Protein chains: 2
Amino acid sequence: MLRRALRLAVDPPGGVSIEALRALARDDATEWDIATTAKHLGVSPHTLRYYERIGLVQVARDAAGHRRYGAPAVRRLVFLTRMRTSGMPISDLRHYIDLVDSGQDTVSERMDLLLEHRDILRSRIAGLQLALAATEYKIAVYQEVHQP
Amino acid sequence: MLRRALRLAVDPPGGVSIEALRALARDDATEWDIATTAKHLGVSPHTLRYYERIGLVQVARDAAGHRRYGAPAVRRLVFLTRMRTSGMPISDLRHYIDLVDSGQDTVSERMDLLLEHRDILRSRIAGLQLALAATEYKIAVYQEVHQP
DNA sequence: GTAGGGGTGTGAGCGCACTCAAACGCAAGG
DNA sequence: CCTTGCGTTTGAGTGCGCTCACACCCCTAC
């Protein structure tokens, strides 16, 4: 319930929609063009081409040479954009993807990256909560001063 | 108690220490040089000079022309760095400071900025919490796979 | 007196993550 | 046929927030 509320509150600014995720989970024959993919992920087509250029994903082409994003590519991009928007640098994403692409025996190294990111996220959240408290305090002070 | 724990957990990476804040609150005759100020704020002297250059603070000089950060300057910088590290862009800080420097009748406009920042902080926190959950989920999956 | 370790102002440089421009290709609709 | 619209590649450009290099200054200690 809480999770639903959070998701609804946070989804709009960008991120796959819930139905789209469901379709992905069903290992769909999803085949999106670049515009559709970009819209679902909340990024620009520019960014998707950029991610491909720097080797974060490989994307198939149709007869006309246009990109076709299949379920695996989209799933990877969902993960990547989630990590990106939560502050993981592109270099780390590259590293992670390199590990993924080089087999099963890199699992513990991937774990290390994820664990590190988890810790970063925790302390960033704590920091933002502190900043939020400070901001709310300042707002309260202004309100008192303004209309005592 | 929780607040103390949070503060202790978050302070180290940068931010004024508690004693230093107390001294400031007592409207001390604080007179720090640039290195001390930088250390207390968790930024570099470069950054402090930069902030002054772009008009975020005015800083007095001693006889040798060296910067002396008094209590008002430090208080302002505490606020500024807090807002900065929580993601407020420099342009907004400039705007805010301009409002502060142009008198009492800009209070409601300042409030608007703070309210907007508060909302941004809230949704960023929510987003990071979602990313944290996703990361923890992935970690859990890896752990299962690795040692079932 | 001189070496060292701090400081100064200024313009330029950097790293990151996009973002865009230019020149082109294809395919459908009027 | 020709426009419209979306796509392509590649190299270059942008905006942000610092960060540094340079040439200089001042004070202290030896």
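Letters A, B, ... mirror the listed sequences (proteins, then strands); counts begin at 1. Small disclaimer: the values here were computed from a predicted structure and weren't measured.
B:Arg68 has no side-chain polar atom (N or O) that falls below the 4.0 Å cut-off from OP1 or OP2 of C:dG7.
Between the CG atom of B:Asp33 and the C1' atom of C:dT8 there is a distance of 14 Å, rounded to whole Å. One interatomic measurement links the two molecules: CZ of B:Arg67 to C1' of D:dC25, which rounds to 14 Å at whole-angstrom precision. If you measure from atom CG of B:Asp92 to atom P of D:dC16, you get 11 Å, rounded to the nearest angstrom. B:Asp62 places its CG atom 17 Å from the P atom of D:dC25, with the value rounded to the nearest Å. Distance CG (B:Leu93) to P (D:dC18): 9 Å, rounded to an integer number of Å. In this structure, B:Lys39 places its NZ atom 11 Å from P of C:dG7, rounding to the nearest Å. Atom pair B:Arg61:CZ and C:dG7:P shows a separation of 12 Å (rounding to whole Å applied).
Relative to the axis of its first five pairs, the axis of the last five pairs of the helix from C:dG1-D:dC30 to C:dG30-D:dC1 sits at 20°, rounded to 10 degrees.
A donor-acceptor distance shorter than 3.5 angstrom exists from the side chain of A:Arg94 to the backbone of A:Ile54, with no hydrogens or angles considered. Judged by distance alone, with hydrogens and angles left aside, the side-chain atoms of A:Thr135 form a donor-acceptor pair with the main-chain N or O of A:Ala131 at under 3.5 Å.
Using a 4.0 Å cut-off between charged side-chain N and carboxylate O, A:Lys39 and A:Asp33 make no salt bridge. The existence of a salt bridge linking A:Glu31 and A:Arg67 is excluded, since no basic side-chain nitrogen approaches an acidic carboxylate oxygen closer than 4.0 Å. Salt bridge annotation for A:Glu52-A:Arg61: present, with a cationic side-chain nitrogen under 4.0 angstrom from a carboxylate oxygen.
Cluster annotation: A:Leu121 and B:Ile120 are assigned to distinct hydrophobic clusters (Ile/Leu/Val/Met/Phe/Trp/Tyr, side-chain heavy-atom contacts under 4.5 Å, transitive).
Proximity of B:Arg82 to B:Met88: side-chain heavy atoms (C-beta onward) are nowhere separated by under 4.5 Å. With a 4.5 Å cut-off on side-chain heavy atoms, B:Val100 and B:Arg110 count as touching. The shortest distance between side-chain heavy atoms of A:Arg118 and B:Lys138 does not fall below 4.5 Å.
Between B:Ala63 and B:Ile90, the residue whose closest nucleotide on DNA chain D is further toward the 5' end is B:Ile90. Along DNA chain C, the nucleotide nearest B:His66 and the nucleotide nearest A:Met88 are compared for position; the residue whose nucleotide lies closer to the 5' end is B:His66.
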Start with the C-alpha distance between A:Tyr50 and A:Leu56, add both sets of side-chain angles, then the distance that settles side chain to side chain contact (heavy atoms under 4.5 Å, CB included), and finish with yes or no. CA-CA 9 Å; A:Tyr50 170 65; A:Leu56 289 180; over 6 Å; no
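Within a heavy-atom distance below 4.0 Å of DNA chain C, the residues of residues 44-56 of chain A found are A:His46, A:Thr47, A:Tyr50, A:Tyr51, A:Arg53.
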N/O-N/O pairs, protein side and nucleotides 3-5 of chain C side, under 3.5 Å:
none

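With C:dG7, C:dC18, D:dT9 as the choices, the nucleotide that has an atom nearest any side-chain atom of B:Ile34 turns out to be C:dG7.
Between B:Phe79 and B:Tyr96, the angle of the ring planes lies from 30° to 60°, which puts this pair in the tilted group.
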